[in-house]
Amino acid sequence: ACPSVPLSPQLHRRGFRCMHGVDGSAGMLERARSTGLYRELRRCVLGREPLPAPAEHYDAVTLVGALGEGQVPCTALPELLRVTRPGGFLCLTTRSNPSNLRYKAELEAALEGLEERGAWQKVLAQEVERWERATSQEESTQGTGYISGVVYVYQKCPVPSLEQG
């Protein structure tokens with residue numbers, strides 16, 4: 001899971017108590033540490049190095065606010081899957097603003113490719129109209145002052161039993 005200051009308190013309020021955080025920025029890790037919500041925080045640049053966790057370790061993995069142009073590459077998806085236990089969930093987000101549309105198309109192709117290969121099943125893909133404040137009028141969705149985004153939830157497929165088929 002990656003530190004996200006708004007998301008972590010919400011998860012904590014809903015009963016999630018064993019949260020680990022990973023981020024490429026020492027400053028963001030320090031900010032996450034100051035919340036007192038994480039049991040473990042580690043520095044890692046997704047897409048360039050493996051996550052500091054064993055295979056099939058987490059019940060749920062979230063990546064919020066980092067899947068975008070110039071940030072975490074789509075090639076990091078298999079690494080997120082690696083650390084998720086079979087039957088576990090992955091919650092991922094990306095922006096739908098004009099400067100991120102090419103990345104979003106690449107991301108969705110990668111998400112679909114992993115689903116076609118049987119790595120995971122899509123549970124949800126939901127557009128969120130007012131995802132975050134736009135930094136420029138060109139990025140704004142229909143002049144609202146906000147950009148839209150998408151929340152994707154996938155469930156990692158269980159490993160087939162040797163007793164089947």
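- Inter-residue side-chain proximity for Leu80 and Leu92 is flagged as met; some heavy-atom pair is nearer than 4.5 Å.
- Two residues are said to be in side-chain contact when any heavy atoms from C-beta on lie closer than 4.5 Å; His20 and Tyr58 meet this criterion.
- Scanning both residues, Gln71 and Ala66, for their nearest heavy atoms gives CB-O, 3.0 Å.
- Of all non-hydrogen atoms in Leu29 and Leu41, the two that sit nearest each other are O-CD1, 3.7 Å.
- With sequence neighbours excluded, the residues that form a salt bridge (Lys or Arg N to Asp or Glu O under 4.0 Å) with Arg33 are Glu30.
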With a cut-off of 3.5 Å and sequence neighbours excluded, list every side-chain donor-acceptor pair involving residues 106-125.
from: Glu108; atom 1: OE2; to: Tyr152; atom 2: OH; distance (Å): 2.6
from: Glu115; atom 1: OE2; to: Lys122; atom 2: N; distance (Å): 3.0
from: Trp120; atom 1: NE1; to: Leu111; atom 2: O; distance (Å): 3.2

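- Summarising the geometry, atom CG belonging to Leu51 is positioned 11.0 Å from atom NE2 belonging to His57; distances are rounded to the nearest 0.5 Å.
- Trp131 pairs by the ring pair (Phe, Tyr, Trp, His ring centres under 6.0 Å) definition with nothing, not counting sequence neighbours.
- Within the 4.5 Å cutoff, no side-chain heavy atoms of Thr93 are placed close to those of Leu67.
- For Ser99, the side-chain hydrogen bond (donor to acceptor under 3.5 Å, both in side chains) partners two or more places apart in sequence, or in a different chain, are Asn97, Glu139.
- At least one side-chain heavy atom of Leu46 sits under 4.5 Å from a side-chain heavy atom of Leu63.
- Considering every non-hydrogen atom in both Val45 and Gly24, the closest pair reads CG2-CA, 4.1 Å.
- Separating the CG atom in Asn100 from the OG1 atom in Thr94 is a distance of 4.0 Å, to the nearest 0.5 Å.
- Distance check, rounded to the nearest 0.5 Å: CD of Gln155 to CG of Leu90 gives 9.5 Å.
- Partners of Arg130 by side-chain hydrogen bond (donor to acceptor under 3.5 Å, both in side chains), not counting sequence neighbours: none found.
- The CZ atom of Arg82 sits 10.0 Å away from atom CD of Glu56, with the distance rounded to the nearest 0.5 Å.
- Partners of Glu49 by side-chain hydrogen bond (donor to acceptor under 3.5 Å, both in side chains), not counting sequence neighbours: none found.
- For Thr84, there are no side-chain hydrogen bond (donor to acceptor under 3.5 Å, both in side chains) partners at least two apart in sequence or on another chain.
- In plain terms, the two heavy atoms of Ala32 and Thr35 that are nearest each other are O-OG1, 2.6 Å.
- Applying the salt bridge (Lys or Arg N to Asp or Glu O under 4.0 Å) test to residues at least two apart or on different chains, the pairs with a partner in residues 62-73 are Glu69-Arg102.
- In this structure, Lys104 and Ser96 approach most closely via the heavy-atom pair CE-OG, 3.6 Å.
- Nearest heavy-atom pair, Cys44 versus Pro50, reported as atom, atom and distance to 0.1 Å: SG-O, 3.4 Å.
- Among residues at least two apart or in separate chains, salt bridge (Lys or Arg N to Asp or Glu O under 4.0 Å) pairs with a member in residues 83-93 are Asp59-Arg85.
- Taking the salt bridge (Lys or Arg N to Asp or Glu O under 4.0 Å) definition, one finds that Arg43 meets it with nothing, sequence neighbours left out.
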